[in-house]
Protein chains: 2
Amino acid sequence: MYSQAEENYLKTIYVLEKDFGDDVSTNLIAGKTKTKPSSVTDMLKKLAIKDLVLYKKYQGVKLTETGRLTALKVIRKHRLWECFLVQKLNFNWDEVHEIAEQLEHVKSELLINKLDAFLRFPKLDPHGDPIPDEQGRIIKNQSTSIIDMKLGSTGTLVAVKDSSETFLRYLNKKNLALGDKLKVIDIEPYDNSYHIETKTHRLVITNNVAENLLLKNVK
Amino acid sequence: MYSQAEENYLKTIYVLEKDFGDDVSTNLIAGKTKTKPSSVTDMLKKLAIKDLVLYKKYQGVKLTETGRLTALKVIRKHRLWECFLVQKLNFNWDEVHEIAEQLEHVKSELLINKLDAFLRFPKLDPHGDPIPDEQGRIIKNQSTSIIDMKLGSTGTLVAVKDSSETFLRYLNKKNLALGDKLKVIDIEPYDNSYHIETKTHRLVITNNVAENLLLKNVK
DNA sequence: ATATTATTTTAGATATGTCTAAATTTTAGC
DNA sequence: GCTAAAATTTAGACATATCTAAAATAATAT
């Protein structure tokens with residue numbers, strides 16, 4: 001079995017590969033995990049020895065098939081626990097990430113599959129992210145970030161890229177939630193900020209916020 | 001916050017104080033935790049510095065009030081998670097200990113109190129052990145071990161002293177479960193084994209097994 | 001009361017995962 | 001294509017939690 005530190009690195013590398021393509025750099029990992037690049041190098045060597053990543057000095061890393069599957073198992077656990085916390089224990093979507101970070105490392109295949117069944121095999125977590133199945137199969141969510149939408153187009157908010165407490169609290173404050181229908185009513189060329197409209201209100205969001213909002217049925 | 005290792009030591013010391021009285025010895029702790037006495041000494045020093053135990057060289061340890069409360073919080077978490085596993089996820093009582101050993105270290109007061117509410121504030125875990133409340137208050141269960149029962153007396157099985165998988169599996173095999181009414185029909189002086197009778201069957205148990213079965217309403 | 005045995009502690013080592021500071025390699029600018 | 005800057009790695013250190021082997025202390029037995 002793998003240590004918590006190892007599992008966290010695999011998860012981070014998985015996400016970074018998704019976001020930035022193959023061959024994730026040492027500095028990128030260090031940035032995400034709030035560790036120093038030298039610590040990352042040490043860990044990458046260990047992961048390479050265990051055949052979880054392909055690592056070439058100064059060239060960054062890539063997950064192996066084993067590494068990818070291991071990462072997906074951790075992500076599966078994280079997302080199922082988040083569902084449990086929100087659906088069964090009535091947590092808000094902005095309170096669950098940190099707790100799930102701990103729960104995701106509990107070791108028991110049986111536990112996670114029983115939890116899955118208890119939750120009636122959810123397909124998405126509270127942030128709209130797909131939950132991998134036991135075999136690591138994951139549904140690719142074909143959603144569009146607001147920054148890829150044209151002026152005047154509409155869509156339904158189905159997921160967020162950033163699941164941090166601060167970002168989700170910002171959305172709460174702005175009265176934005178999954179399922180909301182949005183319309184892009186203006187794009188400010190100066191700072192790439194977006195003016196958007198929901199059923200109940202209008203607001204201005206920065207380009208950074210826009211990037212983190214994912215929509216479906218964009219027309 | 002305390003490390004998993006520290007929490008485990010506190011829990012162990014708490015249980016040993018209950019079972020053997022104050023001033024728990026280094027060797028006793030080493031035996032329970034499957035570590036070496038030298039490791040125990042190292043940890044006791046650390047716990048003493050943090051004011052969780054009173055430790056005098058060669059004299060054993062005692063929990064401080066802080067240590068006792070910390071141990072009770074861990075025990076509360078362990079037992080609530082066991083309830084969750086059995087009641088909600090349909091685990092058997094012999095499958096939950098190891099998983100709860102992991103879950104008990106998840107840090108979040110809110111989580112455990114929400115879990116408590118979700119389970120409708122259970123008073124006993126699946127092995128009949130009382131669950132401490134948020135303030136560390138715990139109901140003393142006035143139960144009697146079979147070894148303290150007279151020939152011909154009866155009682156209801158309400159708890160087990162040993163919650164290990166092996167012991168619980170033995171009870172499953174022998175068709176013994178919490179709630180069963182038992183009668184002592186013979187005591188063998190040679191090896192202190194007990195012949196007991198339930199509604200459905202009779203069996204012989206060793207003195208060791210008898211010690212681990214706790215009954216109420218003994219007459 | 002002392003010698004033997006059992007228990008406990010100390011000293012020094014190991015593994016994991018992190019760090020800082022220095023050295024090395026790669027990248028980018030000109 | 002060379003040089004400066006940026007990125008990465010190495011070397012050596014530290015904290016946690018464990019171990020073995022040796023030393024110190026306590027318990028016991030005659």
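Predicted model, so just to flag it, every value in this text is computed and none were measured. Every chain is numbered from 1 and lettered A, B, ... according to where its sequence line falls, protein lines coming before strand lines.
Regarding B:Lys57, its NZ atom lies at a distance of 10 Å from the C1' atom of D:dT25, rounded to whole Å. Summarising the geometry, the separation between CG on A:Asp23 and P on D:dT8 is reported as 11 Å, rounded to the nearest angstrom. Rounded to an integer number of Å, the gap from B:Ile49 CD1 to D:dA17 C1' is 14 Å. Rounded to whole Å, the distance from NZ on B:Lys56 to C1' on D:dA26 is 15 Å. Rounding to whole angstrom units, CG of residue A:Leu47 and P of D:dT9 are separated by 13 Å. Note: OH (A:Tyr58) to C1' (D:dA5) measures 15 Å, nearest angstrom. Spacing between atom NE2 of B:His105 and atom P of D:dA17 amounts to 12 Å, rounded to whole angstrom units. Between B:Leu10 atom CG and D:dA17 atom P the separation is 12 Å, expressed in whole Å.
When each of A:Tyr9 and B:Leu44 is assigned the nucleotide of DNA chain C with its nearest heavy atom, B:Leu44 is the one assigned upstream, toward the 5' end.
Looking at heavy-atom distances under 4.0 Å, B:Ser39 makes contact with a base. Using a 4.0 Å heavy-atom distance criterion, A:Ser38 is classed as a base contact. Across all strands shown, A:Thr26 has heavy atoms under 4.0 Å from sugar-phosphate atoms exclusively, and none from any base.
B:Ile131 is listed as a side-chain neighbour of B:Leu80, based on a closest heavy-atom distance under 4.5 Å. The side-chain heavy atoms of B:Glu104 and B:Asn8, taken from C-beta on, include a pair separated by under 4.5 Å.
A:Tyr55 has no side-chain polar atom (N or O) that falls below the 4.0 Å cut-off from OP1 or OP2 of D:dT8. Checking the phosphate oxygens (OP1, OP2) of D:dT8, a side-chain nitrogen or oxygen of A:Ser25 falls inside 4.0 Å.
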Show your working on side-chain contact (heavy atoms from CB on, under 4.5 Å) between A:Glu165 and A:Arg169 and close with a plain yes or no.
-> CA-CA 6 Å; A:Glu165 199 172 322; A:Arg169 285 215 179 137; 2.7 Å; yes
Would B:Phe84 and A:Leu115 satisfy side-chain contact (heavy atoms from CB on, under 4.5 Å), going step by step from the backbone distance to the final call?
-> CA-CA 11 Å; B:Phe84 168 72; A:Leu115 181 66; 4.3 Å; yes
Test side-chain contact (heavy atoms from CB on, under 4.5 Å) applied to A:His78 and A:Lys73, step by step = CA-CA 9 Å; A:His78 183 101; A:Lys73 278 187 184 178; over 6 Å; no
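Shown here are the side chain to side chain donor-acceptor pair (under 3.5 Å) partners of B:Lys114, two or more places apart in sequence or in another chain: there are none. B:Glu134 pairs by the side chain to side chain donor-acceptor pair (under 3.5 Å) definition with B:Asn113, not counting sequence neighbours.
Contacts between chain B and DNA chain C, taken as any atom within less than 4.0 angstrom of a protein heavy atom, begin and end at C:dT7 to C:dT10.
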